[in-house]
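Predicted, not measured: the structure shown is a model, and the values here were computed from it.
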Amino acid sequence: MTHARPLTALTFDLDDTLWDNGQVMAHTETGHYAWLDAALTTWHGARLGTLGRFGERFPLTAYQQRRGELATRNPLRRGDFTWIRQQSLYELLIEYGLEAAEARRWATAAMEEFMTLRHRLTPYPEVEPLLTRLGTQFRLAAVTNGNVDLDRLPLAHHFPVRIAAGELQAPKPDARPFLAALSRLQATPAQALHVGDSWDEDVLPAQRLGMRVAWIDKRDVGLPASLSGVYRLTHVRELQALIERLATGDR
């Protein structure tokens, strides 16, 4: 594989590439479910003796199991995490004893709380100046399997092109999110470099298309295999140096 053409576009994964998402999701997962349990308890206090507490009848593990079951039943929507979560909550609330309209309302409210918590994140300090510099040299796109809404984050202005792969019903490693981004960036695979932390969902599909890839090896496991056009970094802060190296023809 040859990458003779100069780079004109960069595509970025988001979670665990531009910020550490582990603690964010751990807090969000428990936080929105606890919020729902507490809000339901206050709302139907008079019926608590009949229905019991939602969180006791359906602990967090039941919610997690239902999401897995729902994804299996709806394989085309397995990557649409917002829908999976909200529909799972709706089904559990119906089983809890709520009428359909009430269940839908509370599932929606819980997901609004989820999205509030989901966006209480802090990008790595190097990210803002890095994207500012890169945005003067390249066209930038976000390609994510997650359900983060960039419009809720200060980084939004760096990404005029945003591909939410789950909403396309084609989560990475499907090639379609990458192809959609390349089309909107008006770039060929040979003109683009993808930046991401997942070997299976970022590196392999982008490399197969002919894109160059900057793999963020956060866990310092080393390259599982030597692939043409794949460059290992330990942190996104190293990306600028890689791009400068590639521009000089140093592979």
Side-chain angles (χ1 to χ4, degrees), residues 13-124 144-154 164-174 197-198 200-201 218-219:
D13 175 56
L14 298 176
D15 292 328
D16 291 315
T17 294
L18 300 185
W19 54 78
D20 187 343
N21 202 49
Q23 284 300 108
V24 173
M25 288 308 299
H27 176 66
T28 301
E29 175 83 337
T30 57
H32 83 291
Y33 207 64
W35 176 90
L36 178 60
D37 177 51
L40 284 172
T41 298
T42 300
W43 173 64
H44 67 52
R47 291 193 290 171
L48 194 60
T50 302
L51 296 180
R53 282 196 72 126
F54 175 75
E56 292 176 355
R57 289 184 53 193
F58 299 94
L60 182 60
T61 52
Y63 174 39
Q64 293 166 337
Q65 180 178 341
R66 181 59 57 92
R67 297 202 311 258
E69 294 169 353
L70 191 62
T72 299
R73 298 200 312 262
N74 298 269
L76 291 179
R77 303 199 72 167
R78 70 190 187 282
D80 190 346
F81 299 125
T82 299
W83 181 84
I84 289 286
R85 285 180 176 276
Q86 187 161 329
Q87 185 63 22
S88 296
L89 288 170
Y90 172 75
E91 291 184 5
L92 292 178
L93 288 164
I94 290 289
E95 293 174 24
Y96 177 56
L98 299 191
E99 297 294 329
E102 291 177 342
R104 186 64 67 194
R105 178 166 67 88
W106 280 107
T108 300
M111 281 307 299
E112 289 172 355
E113 179 68 12
F114 173 93
M115 293 301 283
T116 296
L117 297 174
R118 173 80 168 90
H119 292 86
R120 290 179 183 167
L121 57 86
T122 303
Y124 298 124
T144 179
N145 277 358
N147 56 1
V148 69
D149 179 1
L150 274 172
D151 283 332
R152 297 185 182 219
L153 301 177
E167 295 176 8
L168 291 180
Q169 297 187 6
K172 298 181 293 182
D174 196 297
D197 71 293
S198 172
D200 293 329
E201 296 179 357
K218 290 183 59 179
R219 297 174 179 81

To the closest 0.5 Å, what do you measure between [atom1] ([X]) and [atom2] ([Y])?
X	Y	atom1	atom2	value
L117	E112	CG	CD	12.0 Å
L36	M111	CG	CE	11.5 Å
S88	W83	OG	CH2	7.5 Å
E91	Q86	CD	CD	12.0 Å
Q23	L121	CD	CG	13.0 Å
R105	E99	CZ	CD	12.5 Å

Output, in order, the C-alpha distance, side-chain angles, deciding distance and verdict of side chain to side chain contact (heavy atoms under 4.5 Å, CB included) for Q87 and R104. CA-CA 9 Å; Q87 185 63 22; R104 186 64 67 194; 3.5 Å; yes

Tell me whether [X] contacts the main-chain N or O of [Y] through its side chain, where contact means a donor paired with an acceptor under 3.5 Å.
X	Y	result
N74	L76	no
H32	T28	yes
T144	A164	no
D37	A39	no

Check against side chain to side chain contact (heavy atoms under 4.5 Å, CB included), L40 and L98: CA-CA 10 Å; L40 284 172; L98 299 191; 4.2 Å; yes

What residues, two or more places apart in sequence or in another chain, satisfy ring-ring contact (aromatic ring centres under 6.0 Å, His included) together with Y90? none

Nearest heavy-atom pair of T30 and A26: which atoms, and what distance? OG1-O, 3.1 Å

If you compare all heavy atoms of I94 against all heavy atoms of A103, which two are closest, and at what distance to 0.1 Å? CD1-CB, 3.8 Å

Should we count CZ of R219 as having more than 12 external heavy atoms under 6.0 Å? no

Taking R66 first and then E69, would you say they form a salt bridge - that is, a charged N and a carboxylate O separated by under 4.0 Å? yes

Give a yes or no on whether a salt bridge exists between R118 and E29, defined as a side-chain N under 4.0 angstrom from a carboxylate O. no

Between W19 and the options D15, D16, T17, the side chain to side chain donor-acceptor pair (under 3.5 Å) test singles out D15

Hey, mind stepping through L150 and L14 against side chain to side chain contact (heavy atoms under 4.5 Å, CB included) and telling me if it holds? CA-CA 10 Å; L150 274 172; L14 298 176; 4.1 Å; yes

Counting C-beta onward and ignoring hydrogens, is there a side-chain heavy-atom pair between [X] and [Y] closer than 4.5 Å?
X	Y	result
K218	D20	yes
N145	E201	yes
P171	R78	yes

Verify side chain to side chain contact (heavy atoms under 4.5 Å, CB included) between T108 and L89, making sure each step is shown before the conclusion. CA-CA 9 Å; T108 300; L89 288 170; over 6 Å; no

Establish, yes or no, whether the cationic atom of R67 lies under 6.0 Å from the six-membered ring centre of Y63 and within 45° of the ring axis. yes

Parallel, tilted or perpendicular: rings of Y96 and F58 (30°, 60°): perpendicular

Stepwise salt bridge (Lys or Arg N to Asp or Glu O under 4.0 Å) test for D200 and K172: CA-CA 8 Å; D200 293 329; K172 298 181 293 182; over 6 Å; no

Single hit among Y33, W43, W106 for ring pair (Phe, Tyr, Trp, His ring centres under 6.0 Å) with F54: Y33

